[in-house]
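Below, chain A is the first sequence line, B the second, and so on; all start at residue 1.
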Amino acid sequence: LLKRRDSQQALAIFERMKRENCEPTADTYTMMINLYGKGNKSYMALELFREMKSRKCKPNICTYTALVNACARDGLCEKAEEIFEQLQEAGHEPDVYAYNALMEAYSRAGLPYGAAEIFSIMENMGCEPDRASYNIMLDAYGRAGLYEGAQAVFDEMKRLGIEPTMKSHMLLLLAYSRMGNVLKCEEIVSQMQESGLTPDTFVLNAMMNLYGRLGQFEKMEEVLTAMENGAFKPD
RNA sequence: CAGUCAUUGAG
């Protein structure tokens, strides 16, 4: 019933549930918080959380994670930490999702070292970082302009036998593009192809923006036509 | 697959 991916619908149903004195369940709240979080309405998410507690509805670990994430998107790093603590006080062992969400908060706040710290805490807790963890670290370094750090994370992934995902490549690409290092960017794109990944519109858009910023309009046209051709014919 | 990761977007 609530599996709608549609925020408008979800909201309407949610309101109706309350009107009809039907207590929303923890799962319902989690979904709603998640919804607000993704829609950059961290504020509403936090408010919902308060409402939830005042109704004596017990938040579970997913609820907290969703909330941390909501804060992360808004760069409310301190709020995120606060919630993370609440999570622990509630007797939950933070899992990889929770850590990742928290790292995301630091990353967005422009604190790559904070993120790195969490990364190592996570390892010390015997919690295996997953692909998302690495991607977030990549992003954290990339945003801060620490391309060396980003590159290190990327290499580390490969060393561990984790195939970098499309996102990983994108993030690394962006790290270099912020430095205006076009050559490196082009290199990465070809590396991607060698790994058997097809540059998608995400990548092409990123390249377009890069060239645009640098005023390399000829390159832009090349990319454009590549896009139009549906590109990458095997031969 | 209840919760975590990617590009751009003039207030």
Participant: Rounded off to whole Å, could you give me the CG-to-C1' distance for the A:L102 and B:G3 pair?
Facilitator: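 Atom CG in A:L102 sits about 14 Å away from atom C1' in B:G3.
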Participant: Check every atom of B:U4, B:A6, B:G3 against the side chain of A:L174 and return the nucleotide holding the closest atom.
Facilitator: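 Nearest to the side chain of A:L174 among the choices is B:A6.
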Participant: Can you tell me the distance, in whole Å, between the CG atom of A:N69 and the P atom of B:G3?
Facilitator: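 Distance, rounded to whole Å: 10 Å.
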Participant: B:U7 C1' sits how many Å from A:L138 CG, rounded?
Facilitator: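 Distance, rounded to whole Å: 15 Å.
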Participant: Can A:K219 and A:E222 be counted as an ion pair, charged N to O under 4.0 angstrom?
Facilitator: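 So A:K219 does not pair with A:E222 through a salt bridge.
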Participant: Measure CD1/A:I61 against P/B:A2 and give the value in whole Å, please.
Facilitator: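 After rounding, the gap between these two atoms is 14 Å.
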Participant: Would the base of B:U8 count as contacting A:N209 through its side chain, where contact means a donor and an acceptor less than 3.5 Å apart?
Facilitator: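 Check fails, no donor-acceptor contact within cut-off.
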Participant: Under 4.0 Å, counting only non-hydrogen atoms across every strand here, what does A:D27 touch: a base, just sugar-phosphate, or nothing?
Facilitator: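 Contact class for A:D27: base.
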Participant: Charged N to carboxylate O under 4.0 angstrom, A:R159 versus A:D155?
Facilitator: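 Salt bridge flag = no for A:D155 with A:R159.
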Participant: Using a heavy-atom cut-off of 4.0 Å across all strands, would you classify A:R108 as base, sugar-phosphate, or nothing?
Facilitator: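 Touches sugar-phosphate only.
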Participant: Could you check whether A:Y99 and A:F119 have their ring centres less than 6.0 Å apart?
Facilitator: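 No, the ring centres sit 6.0 Å or more apart.
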Participant: Name the one of A:Y147, A:Y141, A:F154 that satisfies side-chain contact (heavy atoms from CB on, under 4.5 Å) with A:L172?
Facilitator: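 Going through A:Y147, A:Y141, A:F154 one by one, the side-chain contact (heavy atoms from CB on, under 4.5 Å) with A:L172 is satisfied by A:F154 alone.
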Participant: Send over the distance from A:M227 CE to B:U7 C1', rounded to a whole Å.
Facilitator: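 About 11 Å, once rounded to whole Å.
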Participant: Check this for me: does the side-chain of A:N60 come within 3.5 Å of the base of B:A2 through a donor and an acceptor?
Facilitator: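 When only heavy-atom distances are counted, A:N60 does reach the base of B:A2 through a donor-acceptor pair under 3.5 Å.
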Participant: Just by distance, do the side chain of A:N209 and the backbone of A:N205 share a donor-acceptor pair under 3.5 Å?
Facilitator: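 Yes, A:N209 side chain to A:N205 backbone: donor-acceptor pair under 3.5 Å.
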Participant: Taking the minimum atom-to-atom distance to the side chain of A:M31, which one of B:G3, B:A2, B:U7 wins?
Facilitator: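 Nearest nucleotide to the side chain: B:A2.
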Participant: Do A:D95 and B:G3 share a donor-acceptor pair, side chain to base, under 3.5 Å?
Facilitator: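 Looking at the base of B:G3, it does pair with a donor or acceptor on the side chain of A:D95 (distance under 3.5 Å).
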Participant: Which part of the nucleic acid, if any, lies within contact of A:L67, taking any heavy atom under 4.0 Å across all strands shown: a base, the sugar-phosphate backbone alone, or nothing?
Facilitator: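 The answer is nothing, as A:L67 stays clear of every strand by at least 4.0 Å.
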Participant: Determine the Euclidean distance between corresponding P atoms of B:C5 and B:C1; express it in Å to zero decimal places.
Facilitator: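 Approximately 14 Å lies between the P atom of B:C1 and that of B:C5.
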Participant: Counting heavy atoms from C-beta on, name the nucleotide in B:U7, B:U4, B:G3 closest to the side chain of A:T30.
Facilitator: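 That would be B:G3.
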Participant: Closest to the A:R143 side chain: B:U7, B:C5, B:U4?
Facilitator: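 Closest of the options to the side chain of A:R143: B:U7.
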